[in-house]
Structure formats: structure tokens, C-alpha cells
Amino acid sequence: MDTIITRFPPSPTGYLHIGGARTALFNWLYARHNRGKFILRIEDTDAVRSTKESVDAIFDALAWLGIDYDEGPYYQSQRYDIYSAYVEELVASGNAYYCTCSAQRIEEMRQAAKARGENPRYDGTCREKGLPASSDAVVRFKTPIAGNTILEDVIRGNIVFSNSEIDDFIIRRSDGSPMYNLAVVVDDITMKINTIIRGDDHISNTPRQILLYRAMGANVPVFGHVPMVLGDDRARLSKRHGAMSVTAYREMGYYPDALLNYLVRLGWSHGDQEFFSKEELIEKFSLKNVGKSAGVFNPEKLLALNAQHIHSAPAERLAPHLLPFLSERGIDAREDKYLHRVICTLKARSKTFVEMAEGALFYYIAPQSYDEKGAKKFLQPENIEALVKLAYALSDQDAFDEKSLAPVFQKIMDETGLGFGKIAQPLRLALVGKTVSPGIFEMMEVLGKGETISRIQRCIAVLSGKSDASA
RNA sequence: GGCCCCAUCGUCUAGCGGUUAGGACGCCGGCCUCUCACGCCGGUAACACGGGUUCGAGUCCCGUUGGGGUCACCA
């Protein structure tokens with residue numbers, strides 16, 4: 001078996017969206033699984049719609065996803081001379097011809113066909129004229145009049161197209177720039193791409209491309225058309241379906257591996273398995289298990305999977321992703337032991353990095369105020385005693401982990417007759433300022449003895465002041 | 001409209017002629033418990049329809065219906 005060579009050819013007319021990322025992922029996984037090559041190619045032959053910003057956004061998104069490439073990025077806009085050489089060869093071999101029919105004529109032809117209830121297609125006016133090259137001539141491919149072209153799709157099986165359905169399509173514009181089908185085929189030939197995995201919206205283009213491969217005397221690659229991703233209304237994914245750019249998910253605090261995991265499972269399966277690490281994906285991915293029907297993008301399942309990835313990843317791997325969200329909130333935390341411990345207490349209760357960052361704030365900033373409802377319930381004059389006892393007991397405490405802290409609490413519970421909750425909730429308010437937080441002991445351990453006690457004392461002071469004032 | 005593709009719980013899917021049709025998300029109960037979560041246990045819910053083929057069809061064939069894609073000097 002030859003080395004598998006796949007590619008991802010986005011056209012830079014906008015951000016990398018979920019569907020594009022999924023196509024890139026399938027190609028990347030297939031190449032990685034087979035120890036082959038994955039090539040990135042920018043299809044920017046549409047000078048009007050292609051932008052540099054889009055190119056950068058695509059690079060940025062791919063890098064974040066961890067989808068790397070072995071070759072490229074190639075830019076079609078820099079390869080016009082190559083396309084022209086192939087086009088001229090096609091003309092020389094009688095497989096293509098110059099056509100001077102005006103756009104207006106073509107349009108009339110189309111309208112007429114429509115009026116007759118027929119399919120709009122080029123009528124072949126210039127097909128046998130043997131016209132020479134000229135500044136206003138386009139080049140058309142001379143499609144065989146009869147016969148069939150068969151697409152042997154590894155995912156869908158054979159699909160037969162009648163050549164009579166295909167008209168003499170343009171392969172080079174009058175300005176000399178190549179059309180999509182021509183550029184793609186020339187690139188895939190010259191880049192030695194032997195496996196093409198793409199969305200099934202490309203199926204109807206494929207016979208034209210196969211015809212082009214044959215006319216150029218090249219081997220036809222293996223094609224695999226994967227089902228598309230739909231919105232919740234079963235329509236093709238678009239902006240109106242909400243956040244669809246890869247970058248948007250980064251901003252919402254998603255973990256790239258989780259997004260990859262979700263995307264690949266939309267259309268591919270490995271038995272009942274739902275959770276995959278990236279390494280596992282590379283190991284287990286195969287085209288055999290790609291389904292044929294379109295799938296609806298489900299943000300809730302993605303969220304659940306994201307939570308699961310965050311829960312199971314080690315703190316060291318999570319930290320770099322969390323940092324930007326902390327700095328967004330004015331905390332210039334650095335990646336250190338403390339951050340890792342912070343993350344460990346937050347992992348299980350965070351579905352996204354946004355949630356994790358919110359939950360981590362109190363570790364870096366002592367509470368400036370206490371949650372109103374919580375204070376009303378747990379920070380009353382009668383709660384002061386427990387906090388005071390706690391502050392004293394804790395200051396005698398050297399070890400600050402759950403095992404050594406638990407007896408301290410037990411002792412106070414015995415002395416005061418209070419239940420654990422009656423001590424823990426006021427303490428939680430003192431430490432966090434809120435009624436929601438990680439477990440009391442793990443939190444104290446991370447915060448450390450000094451910080452824990454000072455926050456308790458601060459709370460006692462506020463409480464005393466309050467009770468004095470209201471007395 | 002022509003051509004092409006697709007069809008299992010609401011959603012993603014397993015199934016590859018004989019299953020009580022399985023898992024996951026969601027939803028609904030319960031357990032655990034220092035808050036919130038995590039976790040655990042249980043429940044809800046599907047083979048689009050009609051013909052064949054077969055001793056036997058979710059699985060094979062045909063049709064219907066439904067959904068999607070594509071018909072540019074866009075990619």
C-alpha cells in the first residue's frame with residue numbers, strides 16, 4: 001500500500017466552521033492513523049471573496065484544535081501557471097476547447113432551457129470550432145457525449161452518473177484564472193493526493209473531476225464522501241444556528257479535544273464508545289465506520305462531552321487553557337503548583353473553562369463581600385462562636401489536609417453541638433463569599449493555613465461590626 | 001424541476017437474517033452529601049410507510065413518503 005496522502009482545502013471566505021473542522025479532522029485522523037501525510041491547501045482562486053483575515057483565522061483555529069499538517073499551506077492563487085499548463089495540454093490533446101460565447105448568450109440559453117422545462121446546460125456551440133486562444137475566451141472541458149462515469153465511493157459504494165447530465169463546463173475563465181474543478185484536480189494530482197475525504201455536497205462535482213483525471217492520464221484517487229452536519233431544523237449548518245465557528249467554542253471555554261471528540265462521533269462510531277482521547281482517535285479511526293446519513297449538531301451533547309474531558313484530564317493539561325480566562329478576569333495567575341491544585345478542586349464542577357475560571361476567582365482574591373442570601377442564613381451573630389473557635393483551633397494546626405482537619409471540626413461539633421453543615425456553611429462564606437464552592441477541606445488545604453485563618457478573622461470582624469451596629 | 005444521496009428513541013449512534021432492539025446526550029425519579037457539582041442506581045423513548053425475498057426481516061430487493069445535496073466565468 002502506498003503512503004496515504006490526504007488534504008484539507010478550505011477556501012478562505014470566512015472563519016473555520018464546525019463542518020469544515022470536521023472534514024479536516026477526518027482527513028487528519030485518516031492520515032495519522034495510517035502514518036501517512038496530511039496537506040493543507042488554501043483555495044483562494046475566488047479573488048473577490050478570499051481574504052487574508054480568513055486565512056489567518058483558519059490557521060489559528062487549526063492550531064488550537066491541534067490539527068497539524070505535514071505539507072503546505074499551498075495557495076492556489078500562486079499556482080496559476082501550473083493550471084494553465086495543464087489546461088493547454090488538455091486543449092492540445094483535444095479534451096478541451098476555447099469558447100467565445102458571451103456570458104449574455106449563455107444566460108439566454110439558460111432561460112430558454114428553463115422555459116422549455118429542460119436543464120440549463122451549455123449547448124456546445126464552440127465545441128467543434130477549433131477556436132484559437134483569445135483574450136475573451138474561456139476554456140471548456142469536452143465532456144464525453146455518451147457513457148457513464150462511476151464514482152466508487154469508499155463510504156457509499158458505487159454511484160453512477162450519466163455523462164449526458166454533464167455539460168461542457170468551464171475550466172479556465174477568460175481572465176486566465178482556473179475554475180474550481182480544474183484547480184482541485186491539478187493540485188491533487190501534483191500533490192499526489194490519493195485519498196479524498198470531503199462532505200457529500202461534493203458528490204455531484206465528482207464525476208467532472210474523474211473525467212478530468214482521465215483526460216490528464218492520471219490515477220483517480222480514492223473518494224470518501226462523509227455526511228454533512230445539519231442544524232436542529234435539519235437544514236444545512238449556517239450562522240443562524242448559533243455559534244458555528246471553531247473560535248467561538250474556544251471563547252466559550254471549550255477544550256479542543258472535546259470538540260474533536262464530539263465532531264468525529266457525528267458520523268463515525270466505534271461500537272458504543274463515546275469518549276475518546278485524541279490518541280485513541282488516531283488509533284481507532286477508520287473510514288469503514290463512517291455512516292451515511294447526515295447528523296444534527298447537538299450543542300448539549302458537546303457540552304456534556306466537554307465536561308467529561310475536563311473532568312478526566314490532568315490539571316497540567318488543563319492549566320494552559322484556563323489561564324487566558326483568568327487573565328480576562330484580571331488575574332495574572334501563572335502556571336504553578338498552586339494553579340494545579342486549584343484546578344483539581346474545580347475540575348469535577350466545571351463544564352467549561354469559563355465556569356472553571358469563575359470558580360477559581362476566590363482562590364486569588366479574598367471575598368470583598370458576602371453573598372446576601374447566604375449571609376442572612378449563615379452569618380448571624382450565633383455563627384460567630386463557631387468561627388472564633390475554628391480560628392483558634394486552626395492556628396494550633398500544623399498539618400492542613402483533610403485527614404488532619406476533620407478531627408478539628410469534629411471537636412468543635414462536639415463542643416458546640418452544631419452539625420457539620422452549621423459550621424461548614426458559615427466557613428464557606430468566610431472563605432469564598434458565596435454558598436457554592438469546592439469541598440471545605442480541599443479548599444482549605446489549597447488556600448493554606450495563613451490565608452484560611454485571615455479570611456475567617458476578616459469575616460468575624462465584619463460580623464462583629466455588623467452585630468454592634470444593629471444592637 | 002433534472003440528477004444524486006440519505007432514512008433505528010427528541011438528538012448522536014450500536015446492530016451487519018433469528019436481540020427482552022444496546023449505549024450516549026436530554027428529560028424524570030432516587031441514592032450519596034459540608035454547598036454546588038461529580039459519581040452511582042432506576043425510568044422515559046425508536047426500527048417512516050407499503051410491497052416483495054426468506055422458515056424468519058431493523059438488517060436483502062423494489063416502490064412511496066420525507067429530508068438533504070447539487071445544477072455559476074463560487075469553492
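Letters A, B, ... mirror the listed sequences (proteins, then strands); counts begin at 1. Computed from heavy atoms alone, side chains included, the values below leave out hydrogens, waters and symmetry copies.
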Q: Give a yes/no verdict on a cation-pi contact between A/R140 and A/Y122, requiring under 6.0 Å between NZ or CZ and the six-membered ring centre and an angle within 45° of the axis.
A: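 The answer is yes; both the distance and angle limits are met.
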Q: Tell me which nucleotide among B/rC4, B/rA72, B/rG69 gets nearest to the side chain of A/I159.
A: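 Ranking B/rC4, B/rA72, B/rG69 by closest atom to the A/I159 side chain puts B/rC4 first.
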Q: Checking A/E358 now: which residues fulfil side-chain hydrogen bond (donor to acceptor under 3.5 Å, both in side chains) with it, not counting sequence neighbours?
A: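 Listed in chain order: A/R329.
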Q: Please examine the side chains of A/C126 and A/Y97, heavy atoms only from C-beta on, and report whether any two atoms are closer than 4.5 Å.
A: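 A side-chain contact under 4.5 Å exists here.
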Q: If we call it a pair only when both distances are under 3.5 Å in a Watson-Crick or G-U wobble match, what pairs with B/rG50?
A: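 In the structure as shown, B/rG50 has B/rC62 as its Watson-Crick or wobble partner.
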Q: Measure up the A/W268 and A/F276 rings against each other and bin them: parallel (under 30°), tilted (30 to 60°), perpendicular (over 60°).
A: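 Rings of A/W268 and A/F276: tilted, 30 to 60°.
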Q: Look at A/T45 and B/rA75 and indicate whether a side-chain polar atom (N or O) is within less than 4.0 Å of OP1 or OP2.
A: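 For A/T45, the contact criterion (side-chain N or O under 4.0 Å from OP1 or OP2 of B/rA75) is met.
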Q: Let me know the distance between CG of A/N306 and P of B/rC38, rounded to the nearest Å.
A: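 Result: 14 Å.
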Q: Do the side chain of A/N205 and the base of B/rA75 come within less than 3.5 angstrom through a donor-acceptor pair of N or O atoms?
A: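 Result: at least one qualifying N/O pair found.
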Q: To the nearest Å, how far apart are A/Y180 OH and B/rA72 C1'?
A: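 One finds 14 Å between C1' of B/rA72 and OH of A/Y180, rounded.
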Q: What's A/R172 touching, base or sugar-phosphate or nothing? Going by heavy atoms closer than 4.0 Å.
A: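 Nothing, no heavy atom under 4.0 Å.
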Q: Out of B/rC6, B/rC4, B/rC36, which nucleotide sits closest to the side chain of A/R156?
A: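 Of B/rC6, B/rC4, B/rC36, B/rC6 is nearest to the side chain of A/R156.
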Q: Aromatic contact between A/F420 and A/F409, with the criterion being ring centroids under 6.0 Å apart: yes or no?
A: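 Yes; A/F409 has its ring centre under 6.0 Å from that of A/F420.
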Q: Using OP1 and OP2 only, check whether a side-chain N or O of A/S174 sits under 4.0 Å from B/rC73.
A: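 Negative; the distance criterion is not met.
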Q: Looking at A/R79 and A/D187, is any side-chain nitrogen of the basic one under 4.0 Å from a carboxylate oxygen of the acidic one?
A: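 Salt bridge flag = yes for A/R79 with A/D187.
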Q: Expressed in whole Å, how much space separates the P atoms belonging to B/rU53 and B/rC40?
A: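 One P to the other, the span is 49 Å.
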Q: NA contact type, A/S293, heavy-atom cut-off 4.0 Å: base, sugar-phosphate, or nothing?
A: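 Answer is sugar-phosphate: A/S293 comes under 4.0 Å of backbone atoms only.
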Q: Who does B/rC34 pair with, Watson-Crick or G-U, both distances under 3.5 Å?
A: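 WC or wobble partner does not exist here.
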Q: Indicate, yes or no, whether a donor-acceptor pair under 3.5 Å links the base of B/rC38 to the side chain of A/R349.
A: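 No pair found.
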Q: Looking at the side chain of A/V296, which of B/rC12, B/rC74, B/rC73 is the nearest nucleotide?
A: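 Closest nucleotide to the A/V296 side chain: B/rC12.
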Q: Please table the atom pairs, donor to acceptor, closer than 3.5 Å between any side-chain atom in residues 290-303 of chain A and protein atoms at least two apart or in another chain.
A:
from	atom 1	to	atom 2	distance (Å)
A/N298	OD1	A/E300	N	3.0
A/N298	OD1	A/K301	N	3.4
A/K301	NZ	A/E274	OE1	3.4

Q: Which nucleotide, in any strand shown, forms a Watson-Crick or G-U wobble pair with B/rC3, with both distances under 3.5 Å?
A: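 Matched B/rC3 with B/rG69 under the 3.5 Å cut-off.
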Q: Going by an N to O cut-off under 4.0 Å, is there a salt bridge joining A/E88 and A/R172?
A: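 Between A/R172 and A/E88 there is a salt bridge, with a charged N closer than 4.0 Å to a carboxylate O.
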Q: When you compare the protein's N or O atoms with those of nucleotides 1-3 of chain B, which come within less than 3.5 Å of each other, and at what distance?
A:
from	atom 1	to	atom 2	distance (Å)
B/rG1	N2	A/N119	OD1	3.4
B/rG2	O2'	A/N119	ND2	3.1

Q: Write down the distance separating the C1' atoms in B/rC36 and B/rA45, rounded off to the nearest Å.
A: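 30 Å, rounded to whole Å.
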Q: Can you list everything that forms a side-chain hydrogen bond (donor to acceptor under 3.5 Å, both in side chains) with A/R105? Sequence neighbours excluded, please.
A: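 Checked A/R105 against side-chain hydrogen bond (donor to acceptor under 3.5 Å, both in side chains); matches are A/D123, A/T125.
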Q: Between B/rU19 and B/rG15, how far is it from one C1' atom to the other, in whole Å?
A: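 These two C1' atoms come out 9 Å apart once rounded.
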Q: Name all residues meeting the ring-ring contact (aromatic ring centres under 6.0 Å, His included) criterion together with A/H241; count only those two or more places apart in sequence or in a different chain, and write none if there are none.
A: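 In terms of ring-ring contact (aromatic ring centres under 6.0 Å, His included), with neighbours along the sequence ignored, A/H241 is linked to no residue.
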Q: Looking at the base of B/rC36, is there any donor atom on it, or on the side chain of A/S437, that sits under 3.5 Å from an acceptor on the other one?
A: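 It does not, because no donor-acceptor pair links the side chain of A/S437 to the base of B/rC36 below 3.5 Å.
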Q: Could you run through nucleotides 19-34 of chain B and give me one letter per nucleotide, 5' to 3': B if any protein heavy atom sits under 4.0 Å from the base, S if only the sugar-phosphate is that close, - if neither?
A: ---BBBSS-------B
Q: Given that both distances must come in under 3.5 Å, which nucleotide forms a Watson-Crick or G-U wobble pair with B/rA24?
A: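 Paired with B/rU11.
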Q: Just to be sure I understand the rule, does A/G199 reach a base, reach only the sugar-phosphate, or reach nothing, if contact means heavy atoms closer than 4.0 Å?
A: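 A/G199: no heavy atom of the nucleic acid under 4.0 Å.
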Q: Once you apply the 3.5 Å cut-off to both distances, tell me the Watson-Crick or G-U wobble partner of B/rG18, or none.
A: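 Looking at the geometry, B/rG18 pairs with B/rC55.
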